[in-house]
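To start, the structure under review is shown below, and the notes come after it.
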Amino acid sequence: MVNINGDILKDDKAVIAISNRGYTYGDALFETIRVNSGSILFWEDHYFRLMASMRILRMEIPLKFTPEFLEKEIITLITENDLINASVRVKILINRVSGGLYAPVSNQIEYCISISKLATPFYMISESPYEVTLFKDHYIAKDLLSTLKSNNKIVNVLAGIFAQENDFDNCLLMNSDKMIIESINGNLFLVKDNTIKTPPLVDGCLKGILRTQLLRIIDKLPEYEIVEESISPFELQKADELFMTNVITGMQPITKYRKKEYSIAVSKKLIGVLNARVRLGD
């Protein structure tokens, strides 16, 4: 079952028009959310990121789009799919209404909510080998649009194909200044001694929800210093540890880049603190 503009439809009845602007112009954005047993994780951060993104893209936000309205829409859809006691991945897709060419005839929006079941209610750390490489074919612009979850993700798609064709688990993406900003599907953190670095938003990295949570968590841990600084490719082989984050999988340690192999000690510690916050509903 899928929610399209408030109507709950079976999957085979949930279709979009060929004139949909998200399809024809990439004039859309999305929000990916984790829900555990009817509890939306980090909902306030998700909601405000979604609203801010719509404003940046000059979309007209409906008056009914309150946190309470969207939360009810999500929970109703989960209930209709008999997954209220499960962990699920929720995707909210918002596009401008059809009409116009590059310039739209209206800034009003349509929305779609879909869900899929997840395997576990908590974040898990994988200790399996996970090797990455740099993606150098294309670069991401250092601007505000790059920080949004728009559906203009062709660089990520091409990086994913490159990883598949060359037997890597993931690629690290760079901005136009040749600085590392993120992986294909998550933010990047680098550990060196007691310092943990992550690229700043001004470098063009995604304003990730789990990135935000970890910045708050690490800032309260006296044994670490958290900094938002540009990461050069040359720093990767000097790091003690690298890990990626997103709100669905949590934290994914990187175990190898070129000839450098990394530990996962800090990742394992942070995942415990993160899961404690999830259990407490923080």
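- Contacts of N194 classified as side chain to side chain contact (heavy atoms under 4.5 Å, CB included), with partners at least two apart in sequence or in another chain: none.
- Contact annotation: the side chain of L274 approaches that of L210 to within less than 4.5 Å [non-hydrogen atoms, C-beta and beyond].
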- Message: Using side-chain contact (heavy atoms from CB on, under 4.5 Å), reason through I109 and E60 one step at a time and then give a plain yes or no.
- Response: CA-CA 7 Å; I109 60 96; E60 185 176 316; 5.6 Å; no

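- Within the 4.5 Å cutoff, side-chain heavy atoms of S267 are placed close to those of E241.
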- Residues K64, E73; criterion salt bridge (Lys or Arg N to Asp or Glu O under 4.0 Å); working and verdict: CA-CA 11 Å; K64 68 180 181 181; E73 292 283 273; over 6 Å; no

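- A 4.5 Å side-chain heavy-atom check between W43 and P67 finds at least one atom pair inside the cut-off.
- When all heavy atoms are compared, the tightest approach of L206 to L201 is O-CD2, 4.0 Å.
- Using a 4.5 Å cut-off between side-chain heavy atoms of Ile, Leu, Val, Met, Phe, Trp and Tyr, with links allowed through other members, M244 and I231 fall into the same hydrophobic cluster.
- Both I78 and I40 belong to a common hydrophobic cluster when Ile, Leu, Val, Met, Phe, Trp and Tyr are linked at side-chain heavy-atom distances under 4.5 angstrom.
- Pairs passing the ring pair (Phe, Tyr, Trp, His ring centres under 6.0 Å) check and including a residue from residues 168-197, sequence neighbours excluded, read F189-F243.
- Side-chain contact between R21 and P104 is present, with heavy atoms from C-beta onward closer than 4.5 Å.
- Between L50 and the choices I61, L148, L29, the side-chain contact (heavy atoms from CB on, under 4.5 Å) rule is met once, by L29.
- Across every non-hydrogen atom of A14 and V2, the tightest pair is CB-CB, 4.0 Å.
- A donor atom on one side chain and an acceptor atom on the other are found under 3.5 Å apart for D45 and Q213.
- Test R49, K91, K207 against E31 for salt bridge (charged side-chain N to carboxylate O under 4.0 Å, His left out) and you get one pass: R49.
- For NZ of K260, the number of neighbouring non-hydrogen atoms (other residues, nucleotides, ligands) closer than 6.0 Å is greater than 12.
- Side-chain atoms of I248 and N185, non-hydrogen and from C-beta on, never get closer than 4.5 Å to each other.
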- Run the numbers on I16 and E110 for side-chain contact (heavy atoms from CB on, under 4.5 Å), then give the verdict. CA-CA 11 Å; I16 63 171; E110 299 171 322; over 6 Å; no

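- Residues F48 and I92 fall within the same hydrophobic cluster, defined by Ile, Leu, Val, Met, Phe, Trp and Tyr side chains chained together at heavy-atom separations under 4.5 Å.
- By the 4.0 Å N-to-carboxylate-O rule, E127 lies close enough to K268 to be salt-bridged with it.
- When the ring pair (Phe, Tyr, Trp, His ring centres under 6.0 Å) test is applied to Y25, the partners found at least two apart in sequence or on another chain are Y102.
- Dense packing is recorded around OH of Y111, with more than 12 heavy atoms of other residues, nucleotides or ligands lying under 6.0 Å away.
- Residues V88 and F122 do not share a hydrophobic cluster, clusters being chains of Ile/Leu/Val/Met/Phe/Trp/Tyr side chains in contact below 4.5 Å.
- Residues N187 and G208 approach most closely at OD1-CA, 3.3 Å, considering heavy atoms.
- D143 and S146 share a side-chain donor-acceptor pair at under 3.5 Å.
- For E223, the CD atom is densely surrounded, since the number of other residues' heavy atoms within 6.0 Å is greater than 12.
- Taking the side chain as every heavy atom from C-beta outward, D193 and D240 approach each other to under 4.5 Å.
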- Task: Verify side-chain contact (heavy atoms from CB on, under 4.5 Å) between L77 and V90, making sure each step is shown before the conclusion.
- Result: CA-CA 10 Å; L77 182 62; V90 176; over 6 Å; no

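- Taking the side chain as every heavy atom from C-beta outward, E71 and Y47 never approach each other to under 4.5 Å.
- Of all heavy-atom pairs spanning S150 and F30, the tightest one is O-CE2, 3.3 Å.
- Taking the charged nitrogens against the carboxylate oxygens, K192 and E235 have no contact shorter than 4.0 Å, which rules out a salt bridge.
- No path of Ile, Leu, Val, Met, Phe, Trp and Tyr side chains, each step under 4.5 Å between heavy atoms, connects V266 with V227, placing them in separate hydrophobic clusters.
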